[in-house]
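Worksheet: the structure to be examined is printed underneath.
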Amino acid sequence: MLELTYLRNNAAKAAKGLAKRNINAETIISDILRLDEQRRQTQTELDAVLAESNALSKSIGQLFQQGKVEEANAMKAKTGELKEKSKELHNQEEQARHALDNLLVTLPNVPNEKVVAGNGADDNEVVSTVGEIPTLHADAKPHWDLADDYKLISFDLGVKITGAGFPVYMGKGARLQRALINFFLEENQKAGYEEFLPPHFVNAASGYGTGQLPDKEGQMYHMQEDDLYAIPTAEVPITNMYRDEIVDVNSLPIQCTAYTPCFRREAGSYGKDVRGLNRLHQFDKVEIVNICHPDKSYQLLDDMVKHVEMLLQKLELPYRILRLCGGDMGFTSALTYDFEVYSAAQEKWLEVSSVSNFETFQANRMKLRYKGDDGKTHLCHTLNGSALALPRIVASILENHQTPEGIRIPEALIPYTSFEWIS
RNA sequence: GGAGAGAUGGCAGAGUGGUCGAAUGCGGUAGUCUUGAAAACUAUUGAUCUUCACGGAUCCGGGGGUUCGAAUCCCUCUCUCUCCGCCA
């Protein structure tokens, strides 16, 4: 949620920024500012009425103590009028506030100045391309065939026991999965991230805190009986650990990493790019989350990008980094870098990581603040990134490292798999 | 699933209708002392909204009610804990 004070002081700038998302926000922002003004005015009036009524009550109390019952009773009559007035003003204030909030939650984050305008994936900027795209042998196959040949993943078993999009990993496929999770967690820890193992279900307040609710309600699995949501990413439980907290400025940046399975309904995305591991309802991911001082967030974003690059290099995968355009960026993000790995067998780029700075957008919803040197509370900045999401990493390892003799495990991963080849 | 207890500031924990934004302790911050630190002592220390400012308003789990006045009384919801049962 955007900060009201920001909108008050930067209305034109915000509208200009949001235009990069193809959103015409001028009307809605002016509506917000009008409601805000109205609400504040009502509150000032209300406060005055309440102050008067408080003063009256106090003197009534004193009169009673002095035994001046008649005088006290006379004053009581006055309070009725004030009470009615305050009730009315209170309702007005509440109405204005709700209307204001309802508008405010519809606005996505204002993109950073580096973000270019654009409609979708085609307008993203390629920041860099690293690594060599391997030339595969003649019989090279896509990962779904390799997974089948080497008995690594069964999509059919998943369909049998759960449904489409819930694969079963087995044998070296399952072990590769476990190895990657450990590899990522270890590397993240070495980079300064503390490891967590959070719950895989969260309450509605958490969904709201990180911005999945009310925006993307339909994308999460919901357990009606207990009103819990299956997490779509570890970002949700991890960031929400700090919801409603005022953290010590010296404890910043707070750096967390967590492995969790991720559950996504992917409603409406059937048909395209869903083959094999490309799009799943349940997948594994190791996430990194940063909570930091506003002055440090863009430096941290760069650090996170470098960290993810290092992971991909250790896995010997060719990748490119995209800076997302306004139209392709998530609702809560101010600046997002996507990482794509090239699959030589599918002959296309696969998104494997998304690293974002949310600035105060999430922190404002969550009331995640720090106490500054000025003694006042300020909103923190939050960032997160995948380091990394497994399915497409597995797909690209299988596809890019395949040889006629089998699939070669990258050097850095061997200590974790304890096997060097899948054959 | 059954029974009971509870929810107060960063934490612990008092407070059963007005003088309570709330005792006390711990923690935090600053100072005195010290070569430095510790200890001791002294002072200070909640959040949100609003106002140019002085100030004002709100907040004792959430919501509603009684009352001139509610942390305190009533209703309701949510959550937590304890015991019993079941169980990995």
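Chain naming here is simple, since letters A, B, ... match the order of the sequence lines and numbering starts at 1 in each.
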N/O contacts under 3.5 Å, protein versus nucleotides 86-88 of chain B?
none

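- Heavy-atom minimum distance, A:M220 versus A:A230: SD-O, 4.2 Å.
- Closest to the A:K371 side chain, of the nucleotides B:G46, B:C68, B:A57, is B:G46.
- Using a cutoff of 4.0 Å between basic side-chain nitrogens and carboxylate oxygens, A:E45 and A:K85 are not scored as salt-bridged.
- Ion pairing of A:E93 with A:R39 is present here, as a side-chain N (NZ or NE/NH1/NH2) and a carboxylate O approach within less than 4.0 Å.
- Considering only heavy atoms from C-beta on, A:N203 comes within 4.5 Å of A:L228 through its side chain.
- For the C1' atoms, the distance from B:C84 to B:U29 is 49 Å, rounded to whole Å.
- Between A:D31 and A:R34 there is a salt bridge, with a side-chain nitrogen of the basic residue lying less than 4.0 Å from a carboxylate oxygen of the acidic one.
- For A:Y370 and A:H378, the distance between ring centers is under 6.0 angstrom.
- Nucleotide B:A53: unpaired (no Watson-Crick or G-U wobble partner with both distances less than 3.5 Å).
- Whole-Å rounding puts the A:L4 CG to B:C49 P distance at 10 Å.
- As a whole-Å value, the separation of A:E93 CD from B:G56 C1' is 15 Å.
- Using a 4.0 Å heavy-atom distance criterion, A:R97 is classed as making no nucleic acid contact.
- Regarding A:K367, its NZ atom lies at a distance of 18 Å from the P atom of B:C59, rounded to whole Å.
- When the P atom of B:G62 is taken as reference, atom CG of A:D244 falls 12 Å away, rounded to whole Å.
- B:U34 and B:C52: their C1' atoms are spaced 47 Å apart (whole Å).
- At whole-Å resolution of the value, CZ in A:R8 and P in B:C49 are 9 Å apart.
- Using Watson-Crick or G-U wobble geometry with both donor-acceptor distances under 3.5 Å, B:A23 finds no partner in any strand shown.
- Summarising the geometry, the separation between CG on A:N250 and P on B:G10 is reported as 18 Å, rounded to the nearest angstrom.
- Rounded to the nearest 0.5 Å, atoms CE (A:M1) and OG1 (A:T106) are 11.0 Å apart.
- B:U66 makes up no base pair with any nucleotide shown, lacking Watson-Crick or G-U wobble contacts both under 3.5 Å.
- The pairing partner recorded for B:A40 is B:U32, the criterion being a Watson-Crick or G-U wobble arrangement whose two distances lie under 3.5 angstrom.
- The side chain of A:T79 has B:C68 as its nearest neighbour among B:A47, B:U50, B:C68.
- The side chain to side chain contact (heavy atoms under 4.5 Å, CB included) test with A:E340 singles out one residue from A:L322, A:N124, A:L312, and that residue is A:L322.
- Using the Watson-Crick or G-U wobble rule with both distances under 3.5 Å, B:A7 pairs with B:U78.
- Between A:D101 and A:R97 there is no salt bridge, since none of the side-chain N atoms of the basic residue sits less than 4.0 Å from a carboxylate O of the acidic one.
- The distance from atom CG of A:L82 to atom P of B:A57 is 13 Å, rounded to the nearest whole Å.
- Nearest to the side-chain atoms of A:S57 among the listed nucleotides B:U58, B:G56, B:G18 stands B:G18.
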May I have the list of side-chain donor-acceptor pairs in residues 252-264 of chain A shorter than 3.5 Å, sequence neighbours left out?
unit_1: A:Q255; atom_1: NE2; unit_2: A:N290; atom_2: OD1; d: 2.9
unit_1: A:T257; atom_1: OG1; unit_2: A:N188; atom_2: ND2; d: 3.0
unit_1: A:T257; atom_1: OG1; unit_2: A:E287; atom_2: O; d: 2.9
unit_1: A:Y259; atom_1: OH; unit_2: A:D284; atom_2: OD1; d: 2.5
unit_1: A:R264; atom_1: NE; unit_2: A:P232; atom_2: O; d: 2.9
unit_1: A:R264; atom_1: NH2; unit_2: A:P232; atom_2: O; d: 3.0

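- At a non-hydrogen distance threshold of 4.0 Å, A:R40, A:Q43, A:T44, A:D47 from residues 40-48 of chain A come into contact with RNA chain B.
- Of the options A:L379, A:D244, A:I291, a side chain to side chain contact (heavy atoms under 4.5 Å, CB included) to A:L368 is made by A:I291 and by none of the others.
- When the P atom is used for both B:C60 and B:U19, the distance is 15 Å, rounded to whole Å.
- Atom P of B:U51 sits at a distance of 46 Å from the matching atom of B:A40, rounded to the whole Å.
- Between A:D226 and A:E94, the one whose closest nucleotide on RNA chain B sits nearer the 5' end is A:E94.
- Nearest to the side chain of A:R369, among B:A47, B:A57, B:U67, sits B:A47.
- Not one side-chain nitrogen or oxygen of A:N54 sits closer than 4.0 Å to the OP1 or OP2 atom of B:G69.
- Remark: B:C59 base-pairs with B:G46; criterion is Watson-Crick or G-U wobble with both hydrogen-bond distances under 3.5 Å.
- Listed candidates were B:G56, B:U50, B:U67. Nearest to the side chain of A:K83 is B:U67.
- Checking B:C68, B:C49, B:A57 against the side-chain heavy atoms of A:L50 singles out B:A57 as nearest.
- Using the Watson-Crick or G-U wobble rule with both distances under 3.5 Å, B:U72 pairs with nothing in any strand shown.
- Between A:H293 and A:V249, the shortest heavy-atom distance links the atoms CD2-CG2, 4.2 Å.
- Nearest-nucleotide positions on RNA chain B for A:T377 and A:H90 put A:T377 closer to the 5' end.
- With rounding to whole Å, A:L228 atom CG is found 13 Å from B:C79 atom C1'.
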